[in-house]
Amino acid sequence: MHISSFNPPRRILMGPGPSDISPQVLNALSRPTVGHLDPLFINMMDEVKYLLKYAFQTENEMTLAISAPGSAGMEACFVNLVEPGDKVVICINGVFGHRMQENVERCGGEAVLVEGEWGRAVNPDQLEQTLKENTDAKIVAFVHAETSTGALSDAQTLCAIAKQYDCLTLVDAVTSLGGVELRVDDWQIDAIYSGSQKCLSCVPGLSPVSFSSAAVEKIKMRKTNVQSWFLDQSLVMDYWAGEGKRSYHHTAPVNALYGLHESLVMLYQEGLENSWKRHQQLHQVLADGLTELGIEFIVPENERLPQLNAVYIPEGIEDAKVRSKLLNEFNLEIGAGLGNFAGKAWRIGLMGYAARKENISLCLSALKEVMGQ
Ligand SMILES: *Cc1c(COP(=O)(O)O)cnc(C)c1O
């Protein structure tokens with residue numbers, strides 16, 4: 001068998017992630033690898049931490065990137081905060097909420113579900129009712145931006161309700177970070193995780209997380225060890241903590257972190273609020289174009305994610321055929337439906353570097369051509 005270097009074509013990634021990566025970030029990835037305990041690298045990690053605090057809008061000291069994808073960030077939050085017997089209220093309105101339930105149960109916790117409609121935001125009244133009936137709940141968890149359905153939940157309101165019932169709040173911000181308003185400190189979020197490959201437009205495989213002092217307190221007061229050695233944040237803390245404290249925990253993915261640093265610098269230079277605005281404005285352009293093509297949105301307008309446009313596949317259109325033509329003839333990737341929406345929906349991402357006007361024009365004209373065939 002003859003095997004040579006792998007040279008993928010240049011695709012335009014407008015699915016649910018990974019999103020398009022800018023040449024600037026791709027360049028950063030190929031810079032010379034240095035040792036992960038090299039003072040220069042440690043200095044860069046401190047900058048990553050500073051930039052992540054900016055992106056999350058938090059002063060949390062424990063803000064870092066887990067060396068693994070968003071799912072590991074999810075797991076890190078649950079395995080550290082949930083002790084056996086803890087009652088955790090989970091709002092479910094799509095695929096990722098179900099994964100939260102899995103996590104809680106595997107930690108020996110008791111999951112109490114607030115089940116909502118797919119394609120809608122989490123209903124705050126429903127959460128409040130559940131908390132009234134479960135005053136012994138310790139944590140409230142929900143997905144801010146449900147990538148499986150395109151729905152955006154009101155994280156600020158949900159957290160405020162959770163706080164009235166003395167719960168810690170645990171939020172999935174994998175798709176929301178950088179794409180829509182998110183304020184960890186102002187909204188009283190205690191544990192949050194994200195991913196590098198959605199609106200940050202970096203390579204997959206890193207998961208920014210942040211823990212409030214209340215969350216750190218709960219971790220320190222645990223009666224049992226975190227069952228995962230790798231994700232035990234009390235051990236990782238020493239690796240990421242301030243000067244002079246670096247001790248070996250695992251080998252950081254050095255070059256991937258160069259990429260994250262670069263993508264965060266881009267976000268910092270653009271300005272967080274400008275990035276939120278750009279996603280919203282371009283979403284409107286895409287939405288207008290899709291409506292013109294007769295394509296309908298799943299989510300009501302005021303609950304829509306600008307960075308993930310979930311739409312119904314029009315009557316008589318073959319899902320797989322359209323997506324494969326977009327890929328093969330236009331080098332354009334859009335996402336298929338997930339879970340309840342498999343075969344019924346497309347998910348068109350406008351995340352990070354992919355959220356640009358020329359991509360929207362290409363997507364609309366390619367869809368028009370392919371669907372007309
Ligand atoms: C993509 C995604 C994840 C999982 O992230 P991975 O990097 O694929 O592990 C979790 N939650 C949400 C809402 C996501 O969109």
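With Arg347 contributing its side chain and Ala310 its backbone, the two residues share no donor-acceptor pair below 3.5 Å. Within the 3.5 Å criterion, the main-chain N or O of Lys132 finds no donor-acceptor partner in the side chain of Thr135. A donor-acceptor distance shorter than 3.5 angstrom exists from the side chain of Asn328 to the backbone of Ser324, with no hydrogens or angles considered. Under the 3.5 Å distance criterion, the side-chain polar atoms of Asn134 are left unmatched by any main-chain donor or acceptor of Asp136. Side-chain N or O atoms of Glu146 include none that pairs as donor or acceptor with a backbone N or O of Ala121 at under 3.5 Å. Between the side chain of Arg356 and the backbone N or O of Glu358, no donor-acceptor pair lies under 3.5 Å. No donor-acceptor pair under 3.5 Å is formed between the side chain of Asp86 and the backbone N or O of Val82. Side-chain atoms of Lys49 come within 3.5 Å of backbone N or O of Glu61 as a donor-acceptor pair. Listed for the Ser275 side chain is a donor-acceptor partner under 3.5 Å among the backbone atoms of Gly178. Checked by atom type and distance alone, the side chain of Tyr258 never pairs as donor or acceptor with a backbone atom of Asn27 at under 3.5 Å.
Of the charged side-chain nitrogens involved, at least one lies within less than 4.0 Å of a carboxylate oxygen, so that Arg278 and Glu270 count as a salt-bridged pair. Using a 4.0 Å cut-off between a side-chain N of Lys or Arg and a carboxylate O of Asp or Glu, Glu105 and Arg99 do not qualify as a salt bridge. A salt bridge links Glu102 to Arg106: one of the charged nitrogens lies within less than 4.0 Å of a carboxylate oxygen. A salt bridge does not link Lys223 to Glu83: none of the charged nitrogens lies less than 4.0 Å from a carboxylate oxygen. Using a 4.0 Å cut-off between a side-chain N of Lys or Arg and a carboxylate O of Asp or Glu, Lys53 and Asp185 do not qualify as a salt bridge.
A 4.5 Å side-chain heavy-atom check between Phe142 and Asp172 finds every atom pair outside the cut-off. Residues Asp154 and Val122 are not in side-chain contact: their nearest non-hydrogen atoms beyond the backbone lie 4.5 Å or more apart. When side chains are defined from C-beta on, Met266 counts as touching Val25, because their heavy atoms get closer than 4.5 Å. Between Asn359 and Cys363 the shortest side-chain heavy-atom distance does not fall below 4.5 Å. Side-chain contact check for Trp118 versus Asn93: every heavy-atom pair is 4.5 Å or farther apart. Met74 is listed as a side-chain neighbour of Asn103, based on a closest heavy-atom distance under 4.5 Å. Taking the side chain as every heavy atom from C-beta outward, Leu168 and Lys218 approach each other to under 4.5 Å.
Heavy atoms from other residues, nucleotides or ligands lying under 6.0 Å from CZ of Phe230 number more than 12. Residue Glu301 qualifies as open at atom CD: its count of foreign heavy atoms under 6.0 Å is 12 or below. Within 6.0 Å of atom CD in Gln164, more than 12 heavy atoms from other residues, nucleotides or ligands are found, so the atom counts as buried in its surroundings. Remark: Gln126 CD is packed, more than 12 non-hydrogen atoms of other residues, nucleotides or ligands lying under 6.0 Å away.
Ser176 approaches Gln307 most closely through the heavy-atom pair CA-NE2, 3.6 Å. The shortest heavy-atom contact between Ala162 and Leu131 is CA-CD1, 4.0 Å.
In this model, a donor atom of one side chain and an acceptor atom of the other lie less than 3.5 Å apart for His261 and Glu47. Glu128 and Tyr165 share a donor-acceptor pair across their side chains, judged by distance under 3.5 Å alone. Side chain to side chain, Trp346 and Asn309 fail the donor-acceptor criterion of an N or O pair below 3.5 Å. With hydrogens and angles left out, the side-chain atoms of Ser5 and Asn7 include no donor and acceptor closer than 3.5 Å.
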Is there a side chain to side chain contact (heavy atoms under 4.5 Å, CB included) between Ile66 and Gln233 once you walk through the steps? CA-CA 10 Å; Ile66 304 255; Gln233 291 307 292; 3.5 Å; yes
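Among residues at least two apart or in separate chains, side chain to side chain donor-acceptor pair (under 3.5 Å) pairs with a member in residues 16-26 are Ser19-Ser201, Gln24-Glu262.
Considering only residues two or more places apart in sequence or on other chains, Gln284 meets the side-chain hydrogen bond (donor to acceptor under 3.5 Å, both in side chains) condition with Asp288. Applying the ring-ring contact (aromatic ring centres under 6.0 Å, His included) rule to His279 yields no partners; only residues at least two apart in sequence or on another chain are considered.
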Determine all donor-acceptor pairs shorter than 3.5 Å in which one atom belongs to a side chain in residues 204-214; sequence neighbours excluded.
from	atom 1	to	atom 2	distance (Å)
Ser207	OG	Ser194	O	2.7
Ser210	OG	Asn60	ND2	3.0
Ser210	OG	Thr63	OG1	2.9
Ser212	OG	Asp190	OD1	2.7
Ser212	OG	Ala214	N	3.3
Ser212	OG	Ala215	N	3.2

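Under the 6.0 Å cut-off for aromatic ring centres, His249 and Trp229 qualify, their centroids lying closer than that.
Using a 4.5 Å cut-off between side-chain heavy atoms of Ile, Leu, Val, Met, Phe, Trp and Tyr, Met1 falls into a hydrophobic cluster with Ile3. Through side-chain heavy atoms spaced under 4.5 Å, either directly or across other Ile, Leu, Val, Met, Phe, Trp or Tyr residues, Leu308 is tied to Leu152, Val180, Leu305, Met351.
Following chains of ILVMFWY side-chain contacts shorter than 4.5 Å, one can reach Leu332 starting from Leu286, so the two form part of one hydrophobic cluster. No path of Ile, Leu, Val, Met, Phe, Trp and Tyr side chains, each step under 4.5 Å between heavy atoms, connects Leu13 with Leu177, placing them in separate hydrophobic clusters. Hydrophobic clustering, with ILVMFWY side chains joined whenever heavy atoms are under 4.5 angstrom apart, keeps Ile298 apart from Leu293.
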